[in-house]
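Structure record follows, encoded as structure tokens.
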Amino acid sequence: MLKSTAHWVRPCTRVYLLMMGLTLVTFLFGILGARGLGISLLVLAFALFKGHLVGDYFMGLRGVRGPWRWVILLWLLIPGSLISTAFYLSGS
Amino acid sequence: MELHSAARRYPPGDLAIWIFILAELGVFAVFFTVYAFTRMQHVELFNTYQQTLDQRAALINTLALITSSYFVVRAVAAIRENDRRSCVGWLSAALGMGGLFLVVKFLEYAHHFAAGVQLSTNAFYTFYFSLTFFHFMHVVLGMAILAAVALKAHRGGYSAAEYTGIETGASYWHMVDLVWLILFPLVYVMR
């Protein structure tokens, strides 16, 4: 019996579409003038998540074991935490 | 690069490019952090002048870079299947998206310069021009690398058995995309 592949979508394509969607949401926050600490941290979280997807699925780190598996995630978390701290301290 | 089923010890491509990528990411991390802490001392100034930036241009550029990164992933997948023609096609499309990014960014700069805005106008613009131009130069370098890889692929220099060069160029290009993914919300949206 032949298996249908009509609905099969590459994982990288799903990741790509998800990143495009998150980017559009980020843009909407910006264009609608949404501001404040909560919005800033949410938008930053979207960006960090997209960066994680790039590292895992586009750069291929998902298939790597050992310390190299985590370098991009670590890079995202360090400046991400510092940026969050700065925005928190400034109140937005 | 998603097709590897068995775990490997090192990331795809030449290890040297990864050392270079980490060094570049380190510089951008410092840049982002300094931006955020400088903004902390000039919140109103940063929020005011951030609104003079063209968010639509930034959106187009973000979508262009994500799309080009996706095209590069497809190029790597194609060469793994020994489909050299598709590989060159995907790389060329990625270069096209990179070109779109450069054109949009150039127009954005032209608009600001025409309005009399310079690097020294205020602290916000100092960061805006420095950060985005530093990234702009990385896009130019990334496109040069992709073009060299595409040319070699076109000449039959890569196959399903040997495609390290494509993975190396792809890794650098994804880094360029990765940096912009943080830069876009930080400089254009968060306030």
When you measure from the side chain of [X] to the backbone N and O of [Y], does any donor-acceptor pair fall under 3.5 Å?
| X | Y | value |
| --- | --- | --- |
| B:W18 | B:S171 | no |
| B:Q55 | B:V189 | no |
| B:E167 | B:Y163 | no |
| A:R14 | A:V9 | yes |
| B:S86 | B:D83 | no |
| B:N82 | B:A160 | yes |

### Query
Would you call the rings of B:H138 and B:F28 parallel, tilted or perpendicular, where under 30° means parallel and over 60° means perpendicular?
perpendicular
For residues 27-49 of chain A, tabulate all N or O donor-acceptor pairs below 3.5 Å that involve a side-chain atom, not counting sequence neighbours.
residue : atom : partner : partner atom : Å
A:S40   : OG   : A:G36   : O            : 3.1
A:S40   : OG   : B:R191  : N            : 3.4
A:S40   : OG   : B:R191  : O            : 3.4

### Query
Counting heavy-atom pairs under 4.5 Å to chain B, which of A:M20, A:K50, A:R69, A:M19 comes out on top?
A:M20
### Message
Checking one residue: A:L77. Which other hydrophobic residues are in its cluster under the side-chain 4.5 Å linking rule?
### Response
A:W70, A:L73
### Nearest heavy atoms of A:I72 and A:G51, plus distance in Å
CG2-O, 4.0 Å
### Any residue of residues 110-130 of chain B which, by heavy atoms, sits under 4.5 Å from chain A
none
## Note on the structure
Expected contact set for residues 63-71 of chain B against chain A at heavy-atom separation under 4.5 Å reads B:L63, B:I66, B:T67, B:S69, B:Y70
### Task
Under 4.5 Å, counting heavy-atom pairs only, tell me which of B:R74, B:M190, B:M175 racks up the most with chain A.
B:M190
### Query
In terms of heavy-atom pairs under 4.5 Å with chain A, which of B:W173, B:Y10, B:Y35 leads?
B:Y10
### Query
Within 45° of the ring axis of A:Y57 and under 6.0 Å from its six-membered ring centre, is that where the NZ or CZ of A:R10 lies?
no
### Query
Heavy-atom distance under 4.5 Å to chain A: side chain of B:R56, backbone, both or neither?
both
### Query
Side chain, backbone, both or neither: which part of A:L53 has an atom under 4.5 Å from a heavy atom of chain B?
neither
### Message
What part of A:I78 gets within 4.5 angstrom of chain B, counting heavy atoms only: side chain, backbone, both, or neither?
### Response
neither
### Query
B:W180 and B:F101: aromatic ring centres closer than 6.0 Å?
yes
